[in-house]
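Just below is one structure, and these are the notes that go with it.
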Amino acid sequence: MSPDQPQRFEDICSAAIHSIHDEGSLHSHAIPIYATSTFVFDSAEQGMNRFAATEPGYIYSRFANPTTTAAEKLIAALEAFGLKDAGGAALQLKALLHASGQGALSTLCFSLLKSGDIILTNIALYGGTHEFFAYLLAGLGIQTLFIDLSDLDAVEQALRQHPQIRLIHIESPTNPLMGCTDIAAVCKLAVPYGVKVSVDNTFATPYLQQPFALGVDFVYHSTTKFLNGHGTAIGGVLVGKDTDFMNTTATKTFKLLGANANAFDAFLLINGIKTLPLRMRQHSSNAQHVAEWLEAHPAVAKVNYNGLKAHPDYALSARQMRYPGAVLSFELAGGIAAGKQFINRLRMCTRAVSLGTVDTLISHPASMSHAIMKPEERLKAGITDGLIRMSVGIEAVEDILADLEQALSGLPV
Ligand SMILES: *Cc1c(COP(=O)(O)O)cnc(C)c1O
């Protein structure tokens with residue numbers, strides 16, 4: 001079994017299970033947890049050679065660790081599944097596994113950008129990403145332009161007006177309105193300006209969307225969500241197609257930032273990914289049912305789900321993604337008071353932030369995930385005070401609907 005031949009599987013379901021194997025001499029069936037900070041050298045020369053990278057081998061777990069490396073290879077294989085490079089060979093990607101999604105974003109930004117550079121991105125973004133750009137990077141002289149990336153004329157105009165733009169960052173679908181960006185169209189606009197494009201693929205996962213097929217340079221995930229799938233570890237991954245850049249500048253930044261993942265979390269992640277395709281199919285099918293059911297409910301004023309024909313990005317989502325995914329949001333006719341009542345009445349669905357776990361999670365973005373944004377910025381991103389977000393789980397859809405039904409009963413219509 002060679003992990004370096006992603007093309008040999010008919011379907012990505014098999015790649016999720018068979019792309020990696022234990023490279024140790026005991027042939028462990030499961031990838032072992034290498035709980036070690038450091039690695040032993042046979043000789044002084046071997047240590048020198050490993051540091052000089054003239055000989056393969058592990059040195060210190062902040063740099064690399066066999067369990068985290070296995071998870072990196074698995075995710076790279078899935079993002080590259082079935083894709084070819086410009087020369088027609090199987091696409092090779094390099095992944096770096098981080099302690100969180102924010103860690104992966106840090107390595108991307110600190111390895112690519114310097115003071116004076118500009119990021120072009122969307123108004124609606126994950127709260128932590130928005131704050132990372134608007135607060136942390138702004139303080140270091142890296143500015144961010146927040147525009148509507150679905151307006152391709154505005155993208156082109158920004159690129160023309162601001163030669164300092166170095167990176168376009170896309171989140172598609174976005175949190176929590178499930179707005180989509182035409183990734184291929186944005187990449188086409190970016191190429192003549194030499195601007196790199198990154199995609200936060202957390203909501204879609206490589207099973208639902210492969211941004212490298214659409215021309216992007218970088219993909220990152222919060223692996224905390226669907227890739228892990230069970231809510232057992234925080235994690236993130238940065239994946240790049242310029243393997244020279246990833247192996248030199250990005251790896252150096254990664255080592256210096258110290259935002260590496262640990263072997264225990266990587267083990268949980270690998271186990272989660274084995275069932276990723278199965279889970280994403282069930283998540284999406286349940287979410288479609290729930291969205292259609294909510295849309296017809298009199299107490300619900302509006303449903304935001306890219307799998308509904310009424311969603312502005314329904315057609316784009318159908319073109320760009322295998323299925324629309326697990327996350328949706330909705331507005332109750334009774335506003336914020338009804339929202340509180342609804343959340344407090346839930347019996348089975350879990351009251352929690354985060355998303356992508358096997359159970360259905362329900363949260364209130366304005367007071368939770370997006371509370372760090374200024375209220376006017378939140379509203380500009382379409383996050384009203386009464387909006388409720390659901391990450392639809394893989395329970396029996398009948399049980400999810402029954403819980404929603406009892407929690408919604410008697411609310412103002
Ligand atoms: C959770 C999340 C992040 C941040 O990831 P962490 O693992 O919490 O650091 C980034 N983007 C999206 C879309 C997310 O849902």
Side-chain angles (χ1 to χ4, degrees), residues 68 71 75 95-110 119 121-137 144 146 149 167 169-181 183 198-206 208-209 211 216 218-239 254 257-262 265-266 268-269 272-273 280 283 287 304 306 321 324-329 352-357 361-365 368-373 381-383 389-393:
T68 60
I75 294 168
L96 290 167
L97 196 69
H98 289 74
S100 66
Q102 292 293 105
L105 179 66
S106 305
T107 294
L108 170 68
C109 292
F110 291 124
I119 300 170
T121 191
N122 204 42
I123 301 163
L125 276 185
Y126 176 74
T129 308
H130 182 99
E131 195 73 353
F132 187 91
F133 291 163
Y135 168 73
L136 216 145
L137 293 186
T144 301
F146 297 94
L149 286 185
L167 175 70
H169 174 66
I170 298 171
E171 191 178 311
S172 187
T174 55
N175 182 33
L177 301 185
M178 303 304 280
C180 299
T181 294
I183 298 171
S198 60
V199 168
D200 181 337
N201 205 26
T202 301
F203 275 38
T205 80
L208 299 186
Q209 173 170 281
V216 309
F218 301 98
V219 161
Y220 78 80
H221 291 268
S222 167
T223 62
T224 313
K225 315 294 167 53
F226 296 101
L227 289 178
N228 172 296
H230 302 75
T232 52
I234 301 285
V237 68
L238 174 66
V239 191
F254 167 79
L257 283 175
N260 56 286
N262 67 71
D265 291 351
L268 294 169
L269 177 58
I273 290 174
M280 295 314 290
H283 276 300
N304 306 297
N306 46 325
M321 299 176 72
V327 185
L328 58 88
S329 62
V353 291
S354 196
L355 53 106
T357 59
L361 301 181
I362 298 193
S363 69
H364 179 232
M368 299 173 183
S369 56
H370 292 67
I372 50 175
M373 285 173 79
I383 298 152
R389 189 186 72 187
M390 271 185 92
S391 168
V392 180

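This is a predicted model, so every value here is computed, not measured. Start at 1 and go down the list; that is how both ligands and their atoms are numbered.
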List ligand 1 atoms under 4.0 Å from [X], heavy atoms only on the residue side.
{"X": "Thr224", "value": "7 (O)"}
{"X": "Gly101", "value": "5 (O), 6 (P), 7 (O), 9 (O)"}
{"X": "Phe203", "value": "13 (C), 15 (O)"}

In terms of residue, atom name and distance, what is the protein heavy atom nearest to atom 4 (C) of ligand 1?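 Minimum-distance protein heavy atom for atom 4 (C) of ligand 1 reads Tyr126 CE2, 3.4 Å.
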In the protein, which heavy atom is nearest to atom 14 (C) of ligand 1, and how far is it? Lys225 NZ, 3.0 Å
Can you name the nearest heavy-atom pair linking Gly235 to Thr224, along with the distance?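 So the two residues come closest at N-OG1, 3.0 Å.
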Decide side-chain contact (heavy atoms from CB on, under 4.5 Å) for Ile170 and Leu149; before the verdict, give the C-alpha distance in whole Å, the side-chain angles of both, and the deciding distance to 0.1 Å. CA-CA 8 Å; Ile170 298 171; Leu149 286 185; 3.9 Å; yes
Is there a nitrogen or oxygen of Gln102 sitting under 3.5 Å from a nitrogen or oxygen of ligand 1?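 Yes, there is a polar N/O contact under 3.5 Å.
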Could a heavy atom of Gly356 be found less than 4.0 Å from some atom of ligand 1? no
Quick one: does Asp200 get a heavy atom under 4.0 Å from ligand 1?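 The answer is yes: ligand 1 sits under 4.0 Å from a heavy atom of Asp200.
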is_close_aromatic(His169, Phe218), centroid dist under 6.0 Å: no
For the ring pair Phe146 and His130, is the centre-to-centre distance below 6.0 Å?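 Yes - the distance between ring centres of Phe146 and His130 falls below the 6.0 Å cut-off.
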Does a donor on one side chain and an acceptor on the other come within less than 3.5 Å for Asn122 and Glu171?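 On atom types as modelled, these side chains do not qualify, holding no pair under 3.5 Å.
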Evaluating non-hydrogen atoms only, which member of Pro173, Gly103, Ser222, Gly235 is closest to atom 5 (O) of ligand 1? Ser222
State, with a plain yes or no, whether a side-chain heavy atom of Phe132 is found less than 4.5 Å away from one of Leu125. no
Check the pair Ser329, Leu177 against side-chain contact (heavy atoms from CB on, under 4.5 Å), reporting the backbone distance first and the verdict last. CA-CA 6 Å; Ser329 62; Leu177 301 185; 3.9 Å; yes
